[in-house]
Amino acid sequence: QVQLVESGGGMVQAGGSLRLSCAASGRIFSDRAMGWFRQAPGLEREFVATISRSGASRNYADSAKGRFTISRDNVKNTVSLQMNSLKPEDTAVYYCGAGKSWSIYRNRDENDYWGQGTQVTVSA
């Protein structure tokens, strides 16, 4: 059974940091790009960052550039999102996604699988 399991969410004050992790089953992880998306109440799920199968390519939403870093460990089958200088507008449920192919992407419809999500709340 395909599984993506996120962890690391929580509450933090503005300016603080959090590190999200996503553990994936091996069958889907090794062949695919992986990504992080987020969804705030009343809004659509939006792109945050993705990383290619090898880890050589990454892309970020403008809101994440310079503050967030996506990485992956192809031995442990995990993908992480280090979030620094957090702002209240970063508050959302963050979802790990497995892409349809090996290359980076931006469209949420390019995910074949999703995790259950982890809540991130940033207070002013």
Side-chain angles (χ1 to χ4, degrees):
Q1 185 175 355
V2 172
Q3 274 195 318
L4 297 174
V5 181
E6 300 101 333
S7 61
M11 297 182 63
V12 65
Q13 290 187 330
S17 298
L18 283 174
R19 184 176 180 86
L20 306 183
S21 292
C22 173
S25 58
R27 189 174 72 82
I28 64 169
F29 190 86
S30 59
D31 296 336
R32 299 169 184 260
M34 300 292 294
W36 287 95
F37 290 69
R38 68 187 184 186
Q39 187 167 17
L43 299 179
E44 294 186 344
R45 194 171 299 186
E46 64 176 10
F47 162 72
V48 176
T50 66
I51 186 168
S52 63
R53 178 183 61 188
S54 68
S57 298
R58 310 172 191 191
N59 62 344
Y60 297 92
D62 288 345
S63 59
K65 286 179 182 177
R67 300 188 300 127
F68 295 1
T69 302
I70 189 171
S71 60
R72 67 189 292 162
D73 186 327
N74 287 343
V75 174
K76 296 181 179 179
N77 288 350
T78 58
V79 58
S80 299
L81 185 70
Q82 177 67 42
M83 304 187 294
N84 299 328
S85 301
L86 282 161
K87 305 174 182 180
E89 50 264 44
D90 294 318
T91 296
V93 177
Y94 283 70
Y95 294 91
C96 174
K100 296 180 183 293
S101 72
W102 59 270
S103 63
I104 56 176
Y105 56 101
R106 300 178 71 93
N107 192 323
R108 63 179 182 267
D109 294 334
E110 289 298 311
N111 288 288
D112 266 346
Y113 303 100
W114 293 102
Q116 82 287 353
T118 186
Q119 177 70 48
V120 171
T121 302
V122 185
S123 60

Answer yes or no: is there a side-chain heavy-atom contact under 4.5 Å between [X] and [Y]?
X: Q82; Y: S71; answer: no
X: T78; Y: S21; answer: no
X: M83; Y: T69; answer: no
X: V120; Y: L20; answer: yes
X: C22; Y: W36; answer: yes

Taking every non-hydrogen atom, the tightest pair across [X] and [Y]:
X: A40; Y: A92; answer: N-CB, 3.9 Å
X: L4; Y: A24; answer: CD2-CB, 3.4 Å
X: M34; Y: C96; answer: CE-SG, 3.8 Å
X: P88; Y: A14; answer: CD-CB, 4.1 Å
X: E6; Y: G115; answer: OE2-CA, 3.2 Å

Check your understanding: Where does the angle between the aromatic ring planes of Y105 and F37 fall among parallel (under 30°), tilted (30 to 60°) and perpendicular (over 60°)?
Key -> parallel

Check your understanding: Under the salt bridge (charged side-chain N to carboxylate O under 4.0 Å, His left out) criterion, do K65 and D62 qualify, and how do the steps go?
Key -> CA-CA 5 Å; K65 286 179 182 177; D62 288 345; 3.3 Å; yes

Check your understanding: Looking at W114, does the NZ or CZ of R45 lie under 6.0 angstrom from its six-membered ring centre and within 45 degrees of the ring axis?
Key -> yes

**Study point:** Within 45° cone and under 6.0 Å: R72 NZ/CZ vs F29 ring
**Key:** yes

Please confirm whether the backbone N or O of [Y] pairs with a side-chain atom of [X], one donor and one acceptor, at under 3.5 Å?
X: R32; Y: G99; answer: yes
X: N59; Y: T50; answer: yes
X: T91; Y: V122; answer: yes
X: R67; Y: S85; answer: yes
X: T118; Y: G9; answer: yes
X: R58; Y: I70; answer: yes
X: N111; Y: Y113; answer: no

Atom [atom1] of [X] and atom [atom2] of [Y]: how far apart are they, to the nearest 0.5 Å?
X: T121; Y: L18; atom1: OG1; atom2: CG; value: 9.5 Å
X: S101; Y: E110; atom1: OG; atom2: CD; value: 7.0 Å
X: S17; Y: N84; atom1: OG; atom2: CG; value: 3.5 Å

Practice item. Take atom CD of E44 as the centre, draw a 6.0 Å sphere, and report whether it contains more than 12 heavy atoms from other residues, nucleotides or ligands. Key: no

Review point. Can a salt bridge be assigned to the pair E46 and R108 using a cut-off of 4.0 Å between side-chain N and carboxylate O?
Key: no

Review point. Passes side chain to side chain contact (heavy atoms under 4.5 Å, CB included), F68 versus V48? Steps please.
Key: CA-CA 9 Å; F68 295 1; V48 176; 3.7 Å; yes

